[in-house]
Amino acid sequence: MTSSRPYLVRAFNEWILDNDCTPYIVVDAGVQGVQVPTEHVANGQIVLNISPGAVRGLVIGNGALEFSARFGGVPMQVFIPLQAVMAVYAKENGEGMVFGSEPGSPDPDDDGTGGSSGSQGGSERPTGRPTLKVVK
């Protein structure tokens, strides 16, 4: 089967907007093909506001999410393969969804060293990261 992630990102984005909230996404900036402003990447991740007031031409396709936006007044075309989207949530209340790995997709916690890097399998969380909960 195809990935459910693009469908879920589109649905959560619409749901968040319908509830007059601001949709944010958390992106793994280390995934191949990610084009984001590197000066705003912290701990290998970037949090982006994807509301209509913040971006232009948002397209959430089945393979990637892309839009144009200004960062510090500098225009940029942002391109994010959907496997790099780690979460989508409402800024105002944290409602949204965190994505795990899907069958056939690269494991976001795998650093390619076979687990010998001392990482505890994704249990490390950057400070200041929003608290998310699963919406049922």
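- What you find for Arg5 and Val85 is that their closest heavy atoms are NH1-O, 2.8 Å.
- For residues 46-58, the side chain to side chain donor-acceptor pair (under 3.5 Å) pairs, not counting sequence neighbours, are Asn49-Ser51.
- In this structure, the separation between CG on Leu82 and CZ on Phe99 is 8.5 Å, given to the nearest 0.5 Å.
- Rounding to the nearest 0.5 Å gives a distance of 9.0 Å between CD of Glu95 and CZ of Phe12.
- Residues satisfying the side-chain contact (heavy atoms from CB on, under 4.5 Å) criterion with Ala11, sequence neighbours excluded, are absent altogether.
- Residues passing the side-chain contact (heavy atoms from CB on, under 4.5 Å) test with Ala29, sequence neighbours excluded: Val36, Val41.
- To the nearest 0.5 angstrom, Ile60 atom CD1 is 9.5 Å from Glu14 atom CD.
- Within 6.0 Å of CD on Gln32 lie no more than 12 heavy atoms contributed by other residues, nucleotides or ligands.
- Residue Ile16 comes nearest to Ala90 through the heavy atom pair CD1-N, 3.6 Å, listed as atom of the first residue, atom of the second, then distance.
- Proximity of Val34 to Pro81: side-chain heavy atoms (C-beta onward) are separated by under 4.5 Å at one or more points.
- Between Gln35 and Val78 there is no side-chain heavy-atom pair separated by less than 4.5 Å.
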task = Using the side-chain contact (heavy atoms from CB on, under 4.5 Å) rule, take Met86 and Val27 through it: C-alpha gap first, then chi angles, then the decisive distance, then the call.
result = CA-CA 5 Å; Met86 301 170 67; Val27 178; over 6 Å; no

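- Using modelled atom types, no side-chain atom of Asn43 and backbone atom of Gln45 make a donor-acceptor pair closer than 3.5 Å.
- Applying the ring pair (Phe, Tyr, Trp, His ring centres under 6.0 Å) test to Tyr24 and every residue at least two apart in sequence or in another chain returns Tyr89.
- Considering only heavy atoms from C-beta on, Leu17 comes within 4.5 Å of Pro23 through its side chain.
- No side-chain heavy atom of Leu65 sits less than 4.5 Å from a side-chain heavy atom of Val59.
- Every residue meeting the side-chain hydrogen bond (donor to acceptor under 3.5 Å, both in side chains) condition with Asn62, not counting sequence neighbours, appears here in chain and number order: Arg10.
- Minimum heavy-atom separation, Ala54 to Ala69: O-CB, 3.7 Å.
- The list of ring-ring contact (aromatic ring centres under 6.0 Å, His included) pairs with a residue in residues 34-63, not counting sequence neighbours, reads His40-Phe71.
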ask   = Are Leu48 and Val55 close enough, and set up right, to give a side-chain contact (heavy atoms from CB on, under 4.5 Å), and what steps lead you there?
value = CA-CA 10 Å; Leu48 298 168; Val55 303; over 6 Å; no

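- Shown here are the side-chain contact (heavy atoms from CB on, under 4.5 Å) partners of Gln77, two or more places apart in sequence or in another chain: Glu66, Ser68.
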key: Ile25 and Ile80: CA distance, side-chain angles, deciding distance, side-chain contact (heavy atoms from CB on, under 4.5 Å) verdict   = CA-CA 11 Å; Ile25 58 172; Ile80 303 162; 3.9 Å; yes

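- The hydrophobic clustering, which links ILVMFWY residues whose side-chain heavy atoms are closer than 4.5 Å, places Val31 and Met76 together.
- Looking at heavy atoms from C-beta onward, Ile50 lies in side-chain contact with Asn13 at the 4.5 angstrom threshold.
- When the side-chain hydrogen bond (donor to acceptor under 3.5 Å, both in side chains) test is applied to Glu92, the partners found at least two apart in sequence or on another chain are Thr22.
- Atom SG of Cys21 is separated from atom CG of Asn93 by 5.0 Å, given to the nearest 0.5 angstrom.
- In this structure, Arg70 and Pro75 approach most closely via the heavy-atom pair NH1-CD, 3.5 Å.
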